[in-house]
**Student:** 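Quick one: the structure is below, questions incoming.
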Amino acid sequence: LTTTSVLCDLITDEEAAKQFADDVNIKAEEVNFRYVSAAWTYNTNITQENQEAMVAESLRLAEFDQEVAHNASAFFWTNFTDTNLRRIFSRLVDIGTAAMPDTEKLERLNHIQSEMRTIYSTGEVCLSESECLPLDPDLTRLFAESRDYDRLLAAWQGWRDVSGKKMKDLYEEFVALSNEAILANGYEDTGAYWRSWYDTPTFEEDLVDLFETLKPLYVNLHAYTRKKLRELYGADKFPSTGQIPAHLLGNMWAQTWNNLYDVLEPYQNKDSIDVTPEMIRQNFTAIKMFEVSDEFFESLGMIKMPDSFWNYSMLSKPDDRDVVCHASAWDFYNRQDFRVKQCTEITMEDLITVHHEMGHIEYFLQYKDQPVVYRGGANPGFHEAVGDVISLSVQTPEHLEKIGLIQNVTNDNEADINFLMRMALQKIAFLPFGYLIDQWRWSVFSGETPKDKYNEKWWDLRCKYQGVSPPVTRTEEDFDPAAKFHIPNNTPYIRYFVSFVIQFQFHRALCNASEQSGPLHHCDIYRNQLAGTKLSDMLKLGSSLPWPEAMMMVSGEDKMNGTALMEYFQPLTEWLQEQNGNDIGWEDACPKPDTKDPSSSNMNVISLPLFMAAVLYSLLK
Ligand SMILES: CC(=O)N[C@@H](CC(=O)O)C(=O)NC[C@H](CC1(C(=O)N[C@@H](Cc2ccc(O)cc2)C(=O)O)CCCC1)C(=O)O
Ligand SMILES: [Zn+2]
């Protein structure tokens with residue numbers, strides 16, 4: 001009787017439900033606008049006062065979300081005939097950590113997050129009495145330019161001492177609070193909640209399959225890079241087991257290796273495709289870089305930046321206050337205010353980042369009239385892919401010549417290999433890093449990796465997937481994962497691995513749509529309205545349809561797969577195989593989880609039933 005009576009009490013009137021959803025949507029725009037504005041103020045001016053104001057607004061937003069979820073669950077929405085209305089309600093009741101019932105704990109959770117963000121964004125490394133460097137732009141530039149083993153090591157270790165090392169206790173507390181909140185939202189842990197955004201039951205298996213398919217490309221690039229770096233730094237600096245020391249790859253986290261291009265260039269006497277010097281020669285400014293990107297989107301018939309973007313964005317690092325320099329794109333949820341915050345340097349790498357951020361803004365613009373619950377990527381990987389798809393065209397020598405950043409392009413096989421090497425150092429090098437961050441985080445959220453194994457697990461994964469090793473001994477006093485922005489900032493990361501795969505599927509589809517012949521890595525969709533329309537139609541959807549349907553619209557495929565990426569890099573793959581012979585790999589260097597001490601998780605799974613049986617037996621005796 002109670003079950004039926006509860007169901008009867010639930011509102012089944014779908015017209016009333018529609019009205020409810022419309023009212024909520026208007027209020028959601030206002031509450032989200034308030035929160036984003038406070039977050040923007042803090043990110044572009046880090047002060048105690050602004051940090052507290054942001055935490056206060058995030059609590060107001062959480063209270064609003066909780067109230068909406070509570071009121072929405074008064075409807076029998078799972079039984080609605082209108083599919084779209086059901087989808088909207090499933091989003092209204094799914095509110096993430098805002099579900100935390102205890103307001104004080106929610107406040108503590110938000111406070112810890114802003115504490116970690118502040119530590120990360122204000123950290124500086126003193127390499128000498130008079131030389132104290134922040135991450136942006138100084139340490140980033142040091143990693144891009146220095147070839148001094150010891151100076152790189154000092155910066156590598158110094159950064160981890162002033163960032164990750166200071167956050168271990170905070171992070172442990174954060175994990176517990178985040179999981180407690182997510183449990184109230186109906187998921188067993190935070191990782192399960194994050195994976196739910198891909199609404200694919202086989203998501204984790206699909207990722208493993210994808211990684212296995214693409215691994216040979218990475219192993220070949222790793223072997224070639226290792227050989228060249230051994231020549232540069234001396235083989236004695238490299239472990240005999242085959243890993244590459246993590247501080248020698250041109251990037252603080254060894255996540256992309258494009259800054260090593262001059263060391264790795266296959267054919268020396270070719271015109272350089274690094275347009276940084278030409279950008280400086282042409283007096284490029286940060287604004288000019290954003291205008292170049294804006295013009296590309298306009299050439300596709302897509303939406304150009306509104307005035308508010310140019311009036312309110314922060315496109316360069318200010319010199320009078322602390323800011324969060326890590327680039328980001330912002331939707332203010334009022335359908336008219338969209339901004340980028342970037343401490344832009346005049347480099348090719350930053351021109352690529354500009355396109356990445358503008359891709360987010362273009363997505364915001366395309367779906368701005370969707371209900372608030374649908375203002376997101378079809379899945380988070382889609383949001384990360386938009387800008388990168390455009391920059392695959394922008395980076396072609398043909399395109400750089402069209403916009404006057406390269407003169408007289410030589411288009412022969414050697415130039416081709418040079419170009420593909422540059423792209424591989426940006427895209428293939430990234431794959432294992434993009435994959436392993438959330439492998440680590442999911443294992444922490446699930447409890448598989450306890451606090452006293454945080455750093456060990458991190459370096460096990462860095463060895464297994466990336467084939468890099470710490471240049472100095474690491475202990476559990478260290479906390480190296482939190483030396484990477486997305487961990488203290490609590491930004492999920494598997495979205496980037498997904499993006500680096502699907503962006504090539506989208507690129508191939510848009511190239512076909514624009515009837516471009518020739519190899520995929522020479523395709524430039526610039527000024528092609530057919531491609532622009534195809535892309536826009538998918539972006540307009542936001543997250544209103546399951547992502548396989550959105551992917552089908554653009555690419556005719558409804559699954560992530562690595563074929564487009566492998567087709568793109570095919571000529572380089574063959575070249576690398578010739579270069580490497582069989583001096584490749586590092587696998588047996590890495591600790592295997594099951595040979596570890598018995599406390600490791602899968603031993604628990606085996607030993608637990610035996611233990612229980614023994615206890616039962618002794619009780620029955
Ligand atoms: C309000 C808010 O936070 N908005 C979100 C966007 C949204 O969710 O709507 C946002 O702006 N996030 C910031 C983040 C910045 C960058 C990043 O962190 N990139 C990854 C991985 C990577 C590396 C190379 C590459 O070519 C592409 C990606 C890294 O650097 O490790 C910095 C450089 C590029 C992108 C971003 O734009 O994704
Ligand atoms: Zn992004």
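Keep in mind that what you see is a predicted model, and the values were worked out from it rather than measured. The figures here come from the full heavy-atom set of this structure, side chains too, leaving out hydrogens, waters and symmetry mates. Whatever order the structure lists them in is the order used to number ligands and atoms, beginning at 1. Counting from 1, the numbers follow the sequence of the chain as shown.
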**Student:** Give a yes/no verdict on a cation-pi contact between Arg422 and Tyr261, requiring under 6.0 Å between NZ or CZ and the six-membered ring centre and an angle within 45° of the axis.
**Tutor:** yes
**Student:** Honestly, is Arg441 close enough over Tyr493, meaning NZ or CZ under 6.0 Å from the six-membered ring centre and within 45° of the axis?
**Tutor:** no
**Student:** Using a strict cut-off of less than 4.0 Å between a Lys/Arg side-chain nitrogen and an Asp/Glu carboxylate oxygen, indicate whether Arg335 and Glu29 qualify as a salt bridge.
**Tutor:**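 Between Glu29 and Arg335 there is a salt bridge, with a charged N closer than 4.0 Å to a carboxylate O.
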**Student:** Please identify each residue that fulfils ring-ring contact (aromatic ring centres under 6.0 Å, His included) with Trp330, with sequence neighbours left out.
**Tutor:**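 If we apply the ring-ring contact (aromatic ring centres under 6.0 Å, His included) test to Trp330, skipping adjacent residues, the hits are Trp40.
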**Student:** Return the residue, atom name and 0.1 Å-rounded distance of the protein heavy atom closest to atom 8 (O) of ligand 1.
**Tutor:** Arg495 NH1, 4.2 Å
**Student:** Near Tyr493, which atoms of ligand 1 are under 4.0 Å from a heavy atom of that residue?
**Tutor:**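 By the 4.0 Å cutoff, the relevant atoms are 20 (C), 21 (C), 29 (C), 31 (O).
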**Student:** In terms of ring plane angle, is the pair His383 and Tyr363 parallel, tilted or perpendicular, where the classes change at 30° and 60°?
**Tutor:** tilted
**Student:** Which atoms of ligand 1 have any heavy atom of Ala329 under 4.0 Å away?
**Tutor:**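 In order of numbering, the contacting atoms are 1 (C), 2 (C), 4 (N), 10 (C), 11 (O).
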**Student:** Does an N or O from Glu384, backbone or side chain, lie closer than 3.5 Å to an N or O of ligand 1?
**Tutor:** yes
**Student:** Select the closest option to atom 3 (O) of ligand 1 among Ser328, Gly434, Ala327, Gly359, judged by heavy-atom distance.
**Tutor:** Ser328
**Student:** Considering the heavy atoms of Gln255, write down every atom of ligand 1 situated less than 4.0 Å from one of them.
**Tutor:** 23 (C), 29 (C), 30 (O), 31 (O)
**Student:** Hey, is Lys304 close enough to Glu298 for a salt bridge, meaning N to O under 4.0 Å?
**Tutor:**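 Salt bridge between Lys304 and Glu298, a charged N being under 4.0 Å from a carboxylate O: no.
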**Student:** Check contact between His486 and ligand 1, using heavy atoms of the residue and a distance below 4.0 angstrom.
**Tutor:** yes
**Student:** With sequence neighbours left out, what residues match Asp480 under side chain to side chain contact (heavy atoms under 4.5 Å, CB included)?
**Tutor:**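 Testing Asp480 for side chain to side chain contact (heavy atoms under 4.5 Å, CB included), a comparison that skips the adjacent residues, returns Arg160, Asn455, Trp458, Trp459, Arg474, Asp478.
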**Student:** With heavy-atom distances below 4.0 Å as the criterion, list the atoms of ligand 1 near Glu357.
**Tutor:**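 By the 4.0 Å cutoff, the relevant atoms are 11 (O), 15 (C), 16 (C), 34 (C), 35 (C), 36 (C), 37 (O).
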**Student:** Just checking Arg60: does its CZ atom have more than 12 heavy atoms from other residues, nucleotides or ligands closer to it than 6.0 angstrom?
**Tutor:**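 Counting other residues, nucleotides and ligands, CZ of Arg60 stays at 12 neighbours or fewer.
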**Student:** Kindly confirm or rule out a cation-pi arrangement of Lys288 over Phe284, judged by NZ or CZ under 6.0 Å from the six-membered ring centre and within 45° of its axis?
**Tutor:** yes
**Student:** Below 3.5 angstrom, do we get any N/O pair linking Thr353 and ligand 1?
**Tutor:** no
**Student:** Before signing off on this row, confirm whether His360 and ligand 1 have an N or O atom pair separated by under 3.5 Å.
**Tutor:**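 By distance alone, the answer is yes.
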**Student:** Protein N, O or S atoms at less than 2.8 Å from the Zn ion (ligand 2), how many?
**Tutor:** 3
**Student:** Considering only heavy atoms of Phe364, which atoms of ligand 1 have at least one such atom less than 4.0 Å away?
**Tutor:** 9 (O)
**Student:** Please state which option from Tyr496, Phe430, Phe500 has its nearest heavy atom closest to atom 25 (C) of ligand 1.
**Tutor:** Phe500
**Student:** Using a 4.0 Å cutoff against the non-hydrogen atoms of His326, which atoms of ligand 1 qualify?
**Tutor:** 15 (C), 16 (C), 17 (C), 18 (O), 32 (C)
**Student:** Determine, for Trp440 and Lys457, whether the Lys NZ or Arg CZ falls below 6.0 Å from the six-membered ring centre while staying within 45 degrees of the axis.
**Tutor:**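 No, cation not above the ring by the 6.0 Å, 45° rule.
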**Student:** Report yes or no: does Asn32 contribute a side-chain atom to a donor-acceptor pair with the main-chain N or O of Ala28 at less than 3.5 Å?
**Tutor:**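 Here the side-chain-to-backbone pair exists.
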**Student:** Quick one: which ligand 1 atoms are inside 4.0 Å of a heavy atom on Lys484?
**Tutor:**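 It comes down to these atoms of ligand 1: 29 (C), 30 (O), 31 (O).
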**Student:** Is it possible for you to check whether Lys540 lies under 6.0 Å from the centre of the six-membered ring of Tyr367, through NZ or CZ, and within 45° of that ring's axis?
**Tutor:** no
**Student:** What residues form a side chain to side chain contact (heavy atoms under 4.5 Å, CB included) with Val162, not counting sequence neighbours?
**Tutor:**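 Only Val125, Trp159 meet the side chain to side chain contact (heavy atoms under 4.5 Å, CB included) criterion with Val162.
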